[in-house]
Amino acid sequence: MQTWTSSKLPESAEPVIITIFGATGDLTARKLLPAIYNLTRDGLLHDNTVIVGFARRAKTDEQFRNEMLEGAEKFSRSSPIVPGIWEKVAGKLFYHQSTFENSGGYTRLAKRFEQLDKQYQIGGRRLFYLATSPSEFAQIINHLGEARLGHIDPFSAAAWRRVIVEKPFGRDLATACELNRQISHVFDESQIYRIDHYLGKQTVQNMLVFRFANGIFEPLWNRNYVDHVQITVSETIGVEGRGAYYDTAGALRDMVQNHLMQLLTLTAMEPPVTLDGGAIRDEKVKVLRAMQPLTVEEVENRTVRGQYVGYRQENRVDSKSETETFAAVELLIDNWRWQGVPFYLRSGKRMPKQGSEICIHFKLSPGVLFAAPDKHVSNNVLVLRVQPKEGISLLMNAKTPGSRIVPAHMDFNYDVAFGSYSPAAYERLLLEAILGDSTLFIRNDEVEGAWRMMDSIESGWAAGKPPLVMYPAGTWGPVEAAELLCRNGHAWDALIDNSARELVIDAEY
């Protein structure tokens, strides 16, 4: 897996035409164009990188450039925008007007590619980014195939074609399999880059280094020493204008199926034989295959679904909605390394803090030496902080100047250790797709493996087991989520407060 952090241009970053479908949408202005600007600023893209925005609204190249400049000024991690750098981006930024269903628009796009290819010596390389509603994926792919825009040129191995597909990839196993089938008619699996922006986070990328390059942790990374694992992705916001989409998805489909399952597989995977994308993804798939779908009875006993009070009054949400805004799941991995170790996953909206963490709870040391009440010993907890302030913390026991034993932190923060430079997730993922490194993207069997587990949970929930429970906005979810862990002698961790430097059990339960 390549990691480009310097300002030097990677030798393999070739000229390419990046076509963004849904270019007038929020994702393009907030994430994609700021990412392209920052990559250009850092010298990581070829000078002849061309961007074409494809959308249905009528506008000129100049109007599109001005709108994207506003997005870069507002959302780029590096500000203010440097005029000379932006002019470099804007000079190769174009707009192509067409509806997604109009085949003629793709024919005209192919002709425009020919012109841009000659003008900027692109060499036939194409990167297509589907920044649209998932309902548009299939017809865009089909039209690309009809216009022969996705096919690799048999006379030029360098003229590669790749497509980046945003989440959600399907809404259940059946639709994910069907979408995989439709895409495979036009693109080979090696050309498909299914994106989950969590995989672009620094902590997620460095999990492989942390696990396999440090001899102190790898011997402990198993059922003999690990008591349980907690993975939390929490949001303080509600649906924020996404009511129409969210009410058909819910926390399980929107967050658990992709973000949390990806974090789980990276945490639990075996060492890959090499660091190439195929070997790493092979090990992630093995984790998914070792997880058996839940029965209805298991769903009732090992999952919690909640909805924050006030959700049904959100804009474009059904007033009788049964959609969950909070999901907690206990999963078991039936393999040699993790047999009997519970993995607890939770995600919710309207929580007290925003953040994402993986907490590895190690088993207690024998209590012979510190059995007195005033010498309580806590579990050692290794915390991989995905966001905010990406880093790693180790909770250990230490003695105060008196006689008390208290938990203390050893903390590693990426910004402190390596400076404030931290490329945004979309910068990393766009660059990796251009470089042809698929490590940080999701393979078809990964998608289907995750959906297989989610489908079993959805089946139980559809039968009302367990029932949907309400929780007050601004809390850590329903009390049933605390009970899910309590029955095994565990309790949820509150997210680390970087100012207090304490890991505490949330008192709101």
Side-chain angles (χ1 to χ4, degrees), residues 13-29 31-37 39-40 45-46 48-61 63-65 67-68 71 89-134 136-153 158-166 183 186-187 191-195 426-427 429-436 441:
E14 302 166 305
V16 59
I17 298 176
I18 303 172
T19 304
I20 302 173
F21 291 90
T24 56
D26 191 55
L27 178 64
T28 305
K31 299 293 184 181
L32 301 184
L33 258 297
I36 289 170
Y37 167 79
L39 289 170
T40 303
L45 294 182
H46 196 283
N48 283 4
T49 299
V50 174
I51 304 97
V52 176
F54 187 115
R56 56 172 54 91
R57 299 176 191 170
K59 62 180 77 236
T60 65
D61 289 343
Q63 288 174 321
F64 183 58
R65 290 165 184 163
E67 290 174 5
M68 294 304 104
V89 175
K92 298 182 184 67
L93 179 60
F94 304 96
Y95 186 77
H96 185 83
Q97 191 275 324
S98 175
T99 60
F100 299 137
E101 61 270 17
N102 181 7
S103 60
Y106 298 82
T107 303
R108 289 187 287 108
L109 182 65
K111 292 180 180 178
R112 193 165 193 180
F113 283 167
E114 292 177 6
Q115 297 169 355
L116 293 171
D117 221 298
K118 292 177 182 177
Q119 183 177 355
Y120 296 105
Q121 299 179 326
I122 301 297
R125 286 171 286 271
R126 312 280 186 261
L127 178 62
F128 302 104
Y129 198 116
L130 305 191
T132 69
S133 165
E136 310 281 8
F137 291 170
Q139 70 172 339
I140 293 173
I141 293 293
N142 288 336
H143 284 306
L144 288 174
E146 290 171 359
R148 300 197 63 78
L149 290 172
H151 295 78
I152 298 174
D153 186 345
W160 49 257
R161 310 283 196 272
R162 295 169 190 150
V163 59
I164 297 178
V165 185
E166 269 285 345
I183 294 181
V186 179
F187 294 94
Q191 299 174 270
I192 305 169
Y193 289 68
R194 299 171 188 82
I195 196 169
Y426 277 95
E427 295 172 38
L429 294 168
L430 272 171
L431 182 58
E432 297 294 341
I434 292 170
L435 297 174
F441 296 86

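The analysis underlying the following values was restricted to heavy atoms, covering all of them including side chains, and did not include hydrogens, waters or symmetry mates.
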From [atom1] ([X]) to [atom2] ([Y]), nearest 0.5 Å:
X: Phe100; Y: Asn142; atom1: CZ; atom2: CG; value: 14.0 Å
X: Tyr37; Y: Thr40; atom1: OH; atom2: OG1; value: 9.0 Å
X: Phe64; Y: Thr28; atom1: CZ; atom2: OG1; value: 6.5 Å
X: Leu39; Y: Leu430; atom1: CG; atom2: CG; value: 6.5 Å

*Shortest non-hydrogen contact from Ile183 toward Ile192*: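 That would be CG2-CD1, 3.2 Å.
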
_Under 3.5 Å donor-acceptor, Arg65 side chain and Leu93 backbone_ =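 Side chain of Arg65 to backbone of Leu93, a donor-acceptor pair under 3.5 Å: yes, one is there.
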
Answer whether the closest heavy-atom distance between the side chains of [X] and [Y] falls below 4.5 Å.
X: Phe187; Y: Leu144; result: yes
X: Phe137; Y: Thr132; result: yes
X: Phe113; Y: Ile122; result: no
X: Lys59; Y: Thr24; result: yes
X: Arg125; Y: Trp160; result: yes

*Under the salt bridge (charged side-chain N to carboxylate O under 4.0 Å, His left out) rule, collect the residues that match up with Arg162, sequence neighbours excluded.*
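Arg162 satisfies salt bridge (charged side-chain N to carboxylate O under 4.0 Å, His left out) with no residue once adjacent residues are dropped.
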
*Quickly, which of Tyr129, Phe128, Tyr106, Phe94 forms a ring-ring contact (aromatic ring centres under 6.0 Å, His included) with Phe54? Name it, please.*
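One option only clears the test, and that one is Tyr106.
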
*asked:* According to salt bridge (Lys or Arg N to Asp or Glu O under 4.0 Å), does anything in residues 107-117 pair up with another residue at least two apart or in another chain? List the pairs.
replied: Asp61-Arg112, Asp117-Arg126

*Run the side chain to side chain contact (heavy atoms under 4.5 Å, CB included) check on Ile20 and Leu33 step by step: do they pass?*
CA-CA 10 Å; Ile20 302 173; Leu33 258 297; 4.0 Å; yes

*asked:* Assess the residue pair Glu136 and Phe21 against the criterion (side chain to side chain contact (heavy atoms under 4.5 Å, CB included)); give the C-alpha distance rounded to whole Å, side-chain angles, the decisive distance to 0.1 Å, and a yes or no.
replied: CA-CA 10 Å; Glu136 310 281 8; Phe21 291 90; over 6 Å; no

